[in-house]
*Asks:* 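Here it is, the structure, as structure tokens.
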Amino acid sequence: MDTFSERSSNPCCLLRKIFTLTLVSLATMSLPDCKYRSNIQTDNTHSLHSLPMDGSYEKRSIMTLFDFKNLNLPENLEVKWVHLFSQTNLRGISRVRVVSFLLCLTLTFLIVVSYSLTWDRKGLLLTPSPYQLRPVVSPTITTTTTADVSSEKNLLDMKLLVKTISSKLEYPPRKVPDEEDVIRTDPNLFSVIPHQFLPGIKSPCWYQDVSSRLSTDPYRGNLFTLRSDNFKNVCDYLRTNFHQHLYHRDGKQYRLRCLPYFYIIGQPKCGTTDLFHRLLLHPEVKFNTMKEPHWWTRKRFGYIRFKDGFQKSFPVEDYLDLFDLAAHKIQEGISGNSSGHHRGTLQVITGEASASTMWDNQAWSYLHDDKEETDPPFLTQDFIHKVQPDAKIIIMLRDPVERLYSDYLYFKMANKSAEDFHQKVIESVQLFKSCLSARSLRSCVYNTSLSNSMPVRLNLGMYIVFLLDWLTVFQRDQILALRLEDYAANLTVTIQRVFDFLSVGPVSKQVEAALTKRPMSNTRRVADRSLGPMLPATRDLLREFHQPFNRKLASVLNNKAFLWRNA
């Protein structure tokens, strides 16, 4: 291999060649045919002064005094130069040239010495180091290596983190904002929904005067129709018989408006979709047109997905339109047009199941990004409780370790694997740990920046933090907490618990059979099932991490099953 570094690796040899070249040049310049000429016609290819000075110099080959690989000098130059020099007319050399020669030689010697001293570190001066020209490539650390981190070290780290979490879980309940402050944030919401609902009707309903708006399309411009073709079709149906369901009194006309009777508030990947669709098979739980409107947490603030930025605020009237099928059915019972099922019609209830309702309060950070709030000043439950203090709340929970893996698999992304999940879990735990070093546990759970930074939604499994905040406004008997594991193991018993909680009547054998035979909703995709379970190391780490949260949850709910020890 004939490279520059090999041929010039000996500084002494390099110095000898430079000295030889310099004497040859000096002798040549003093020959009689070029004596004292100012415009010397020697080949300047190897001179420092031959560097091109125009703008294209980066594209040209730059030759310096020290570039010897293209000189094509004879190999025995060291011997031949003596003979050549002896034939030179030394008397023609002026003192100026001799002095110049000596200065040049001295400078060359200093440069070479400097080069030899820094050879291993920087390379030849005025010549780019070969190490500087190579791209820097970081060594690849495989996820397998990360997964094999010493379990003892992980245990020590997790013990310290778990101790920190346990100490910070003992905090006083949040201060519930004043009702006046809640109303002030959204005056239109509380002007549309009255303080009291109609008596004798199970659902929270009231009459809204529409006398001045009968000529207009009641569903024109509903923003939910732009997001759901199914609801658009429902609005087309409601529009055709809208006037038949109006209530007439004192020369005015009213439409019946209703809110959901119950809310399935979370958590994601805990079976809320399946529970919702099975409840709709009950004859008294009917007429829902959309499972997850996400109105309370996002759309009323103008957000559909926070990463897409502000879109347009969905007014409360658009949200109420979602329950007009139920309102029309109830109005038929009030008017006596329900074909002998007057009492049954008045018992009709409706609900919604947005899995973001329990935990998602990120909108406040986007609305008030100029404020340094440690946690949201208002929570979703503050508004639901203010408009509907008797609402029924259903929570579906699942072993937070399995919930997180299911959540990871649910989102479509490239290169999903158990190893990738492990790496993302470690990073998320470290981010949460860093937050705890500077903030309270509750503020870290609600922190939007932290939530957006974590590769997996670790905070959604900290159920107790959210539950405690819901218990600051709703009574314990208004909240039914279920486990997905119990729901899957004994569907009939769990569904009956929900029916009892909602105070709906027993179902017939046919309905019960339909409830149990209905296929499971929103199950894991085939491609995701092929990835297999999470790594044992990941499960152990997450189980250790969630231990203090589960312990507190089981204590509050007075149910040791929420420890998920046998999961």
Side-chain angles (χ1 to χ4, degrees), residues 186 189 193 203-204 222-228 230-231 234 258-280 285 287-308 311 313-326 349-364 366 376 378-388 391-398 403 406-407 410-411 446 451 457 459-460 463 466-467 469-470 473-474 478-482 484 498 502 521-522:
D186 196 346
L189 170 65
I193 301 176
S203 291
N222 185 297
L223 296 178
F224 282 101
T225 62
L226 303 177
R227 311 292 303 182
S228 170
N230 179 56
F231 183 60
V234 170
C258 298
L259 281 168
Y261 177 77
F262 66 91
Y263 297 85
I264 302 176
I265 64 173
Q267 286 287 67
K269 308 309 299 174
C270 291
T272 58
T273 300
D274 191 79
L275 174 62
F276 177 79
H277 289 300
R278 290 185 198 276
L279 289 181
L280 293 183
V285 186
F287 315 112
N288 288 80
T289 57
M290 185 179 297
K291 174 194 176 264
E292 293 189 280
H294 295 292
W295 185 79
W296 290 101
T297 56
R298 300 172 187 173
K299 291 188 175 74
R300 74 186 182 102
F301 299 107
Y303 293 92
I304 297 172
R305 292 184 302 178
F306 290 111
K307 67 177 183 178
D308 296 333
Q311 304 289 311
S313 298
F314 285 49
V316 62
E317 291 83 359
D318 288 10
Y319 176 67
L320 296 175
D321 287 346
L322 297 177
F323 312 105
D324 268 9
L325 275 176
I349 61 173
T350 187
E352 64 130 290
S354 299
S356 64
T357 307
M358 181 176 182
W359 65 272
D360 191 355
N361 288 276
Q362 298 179 86
W364 294 106
Y366 289 93
F378 302 95
L379 299 180
T380 299
Q381 53 264 40
D382 296 331
F383 297 91
I384 295 178
H385 182 265
K386 182 66 184 72
V387 301
Q388 196 177 351
K392 298 282 189 176
I393 307 298
I394 300 174
I395 301 174
M396 281 283 282
L397 303 178
R398 176 186 188 179
R403 192 219 69 82
S406 182
D407 196 50
Y410 175 75
F411 292 100
Y446 282 109
S451 179
R457 300 196 291 181
N459 56 322
L460 269 61
Y463 307 137
F466 305 114
L467 177 61
D469 283 347
W470 278 83
V473 290
F474 285 99
Q478 290 181 259
I479 299 177
L480 175 65
L482 303 172
L484 176 61
V498 178
L502 297 178
S521 300
N522 208 15

*Asks:* Residues two or more places apart in sequence or in another chain: which of them pass side chain to side chain donor-acceptor pair (under 3.5 Å) with E317?
*Replies:*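 For E317 there are no side chain to side chain donor-acceptor pair (under 3.5 Å) partners, ignoring immediate neighbours.
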*Asks:* Taking all non-hydrogen atoms of both residues, which atom of P268 and which atom of L460 are closest, and how far apart?
*Replies:*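 What the structure gives for the nearest pair is CG-CD2, 3.7 Å.
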*Asks:* S406: what forms a side-chain contact (heavy atoms from CB on, under 4.5 Å) with it, not counting sequence neighbours?
*Replies:* K269, R398, R524
*Asks:* Mind checking whether M290 and W295 have side chains closer than 4.5 Å, heavy atoms only?
*Replies:*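 Answer no - side chains too far apart.
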*Asks:* What are the two closest non-hydrogen atoms of T272 and A355, and how far apart are they?
*Replies:* OG1-CB, 4.3 Å
*Asks:* Please enumerate all residues that pass salt bridge (Lys or Arg N to Asp or Glu O under 4.0 Å) together with D321, with sequence neighbours excluded.
*Replies:*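 D321: salt bridge (Lys or Arg N to Asp or Glu O under 4.0 Å) contacts with R255, R257.
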*Asks:* How long is the straight-line distance from CD1 of I349 back to CG of L259, given to the nearest 0.5 Å?
*Replies:* 13.5 Å
*Asks:* Heavy-atom distance under 4.5 Å between the side chains of W364 and F301, does that happen here?
*Replies:*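 Side-chain contact under 4.5 Å: yes.
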*Asks:* Output all residues satisfying side-chain contact (heavy atoms from CB on, under 4.5 Å) with T289, sequence neighbours left out; order by chain, then residue number.
*Replies:* F231, V234, L322, L325
*Asks:* Residues in side-chain contact (heavy atoms from CB on, under 4.5 Å) with L280, at least two apart?
*Replies:*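 Checked L280 against side-chain contact (heavy atoms from CB on, under 4.5 Å); matches are F276, H277, V285, N288.
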*Asks:* Can F466 and W359 be said to form a ring-ring contact (aromatic ring centres under 6.0 Å, His included), step by step?
*Replies:* CA-CA 6 Å; F466 305 114; W359 65 272; 7.1 Å; no
*Asks:* Does the distance from a Lys or Arg side-chain N to an Asp or Glu carboxylate O, for R300 and D186, drop under 4.0 Å?
*Replies:* yes
*Asks:* How long is the straight-line distance from CG of L480 back to CD1 of I395, given to the nearest 0.5 Å?
*Replies:*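 Taking CD1 in I395 and CG in L480, the distance rounds to 8.5 Å.
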*Asks:* For the atom pair CD (Q311) and CZ (R305), what is the distance rounded to the nearest 0.5 Å?
*Replies:*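 Output value for this atom pair is 9.0 Å.
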*Asks:* Would you say the side chain of I304 lies within less than 4.5 Å of the side chain of R227, judging by non-hydrogen atoms?
*Replies:* yes
*Asks:* Quick one: are L397 and L482 in side-chain contact, heavy atoms under 4.5 Å?
*Replies:* no
*Asks:* Without swapping roles, check the side chain of Q267 against the backbone of M396 for a donor-acceptor pair under 3.5 Å.
*Replies:* no
*Asks:* The criterion is side chain to side chain donor-acceptor pair (under 3.5 Å); which residues satisfy it with S356, sequence neighbours excluded?
*Replies:*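 If we apply the side chain to side chain donor-acceptor pair (under 3.5 Å) test to S356, skipping adjacent residues, the hits are H294, T297.
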*Asks:* If you compare all heavy atoms of G351 against all heavy atoms of P260, which two are closest, and at what distance to 0.1 Å?
*Replies:*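 Result for this residue pair: CA-CB, 3.7 Å.
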*Asks:* For D407, give me all partners under salt bridge (Lys or Arg N to Asp or Glu O under 4.0 Å), at least two apart in sequence or on another chain.
*Replies:* R403, R457
*Asks:* Kindly indicate whether the side chain of I394, heavy atoms from C-beta on, has any atom under 4.5 Å from the side chain of L275.
*Replies:* yes
*Asks:* Are the side chains of F224 and K299 in touch, meaning some heavy atoms are under 4.5 Å apart?
*Replies:* yes
*Asks:* Quick one: does S354's side chain get under 4.5 Å of W296's, heavy atoms only?
*Replies:*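 With C-beta onward as the side chain, the pair stays apart.
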*Asks:* Would you say Q381 and Y263 are linked by a side-chain donor-acceptor pair, where the criterion is simply a distance under 3.5 Å?
*Replies:* no
*Asks:* Who are the side chain to side chain donor-acceptor pair (under 3.5 Å) partners of S228, not counting sequence neighbours?
*Replies:* none
*Asks:* Please identify each residue that fulfils ring pair (Phe, Tyr, Trp, His ring centres under 6.0 Å) with F474, with sequence neighbours left out.
*Replies:* H385, W470
*Asks:* Nearest 0.5 Å, what's the CD1-CD1 distance between I393 and I264?
*Replies:* 10.5 Å
*Asks:* Ring pair (Phe, Tyr, Trp, His ring centres under 6.0 Å) with Y261: which residues, sequence neighbours excluded?
*Replies:*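 For Y261, no residue satisfies ring pair (Phe, Tyr, Trp, His ring centres under 6.0 Å) once neighbours in sequence are set aside.
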*Asks:* Specify the closest pair of heavy atoms between Y319 and P293, including all atoms of both residues, with the distance to one decimal.
*Replies:* CE1-CG, 4.0 Å
*Asks:* Would you give the length of the straight line joining atom OG1 of T380 to atom CG of N361, rounded to the nearest 0.5 angstrom?
*Replies:* 4.0 Å
*Asks:* Please verify the inter-ring angle class for Y366 with Y303; under 30° counts as parallel, over 60° as perpendicular, anything in between as tilted.
*Replies:*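 Tilted, since the angle between the ring planes falls between 30° and 60°.
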*Asks:* Do the side-chain N and O atoms of Y446 and D360 include a donor-acceptor pair separated by under 3.5 angstrom?
*Replies:* no
*Asks:* At their closest point, which heavy atom of S521 faces which heavy atom of D274, and how far apart are they?
*Replies:*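 The pair with the smallest heavy-atom distance is N-OD1, 2.8 Å.
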*Asks:* List for me each residue that meets side chain to side chain donor-acceptor pair (under 3.5 Å) alongside S451, sequence neighbours excluded, and say none if there are none.
*Replies:* none
*Asks:* Between K291 and T273, is any pair of side-chain heavy atoms under 4.5 Å apart?
*Replies:*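 Touching, per the 4.5 Å side-chain cut-off.
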*Asks:* What distance do Y463 atom OH and L467 atom CG have between them, rounded to the nearest 0.5 Å?
*Replies:*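 One gets 12.0 Å once the value is rounded to the nearest 0.5 Å.
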*Asks:* Using modelled atom types and a 3.5 Å cut-off, is there a donor and acceptor pairing between side-chain atoms of E352 and backbone atoms of F262?
*Replies:*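 Pair absent, no side-chain N/O of E352 close to backbone of F262.
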*Asks:* Which residues pass the ring pair (Phe, Tyr, Trp, His ring centres under 6.0 Å) test with Y410, sequence neighbours left out?
*Replies:* none
*Asks:* For D318 and N222, indicate whether the former's side chain and the latter's backbone hold a donor-acceptor pair under 3.5 Å.
*Replies:*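 Between the backbone of N222 and the side chain of D318 there is no qualifying donor-acceptor contact (under 3.5 Å).
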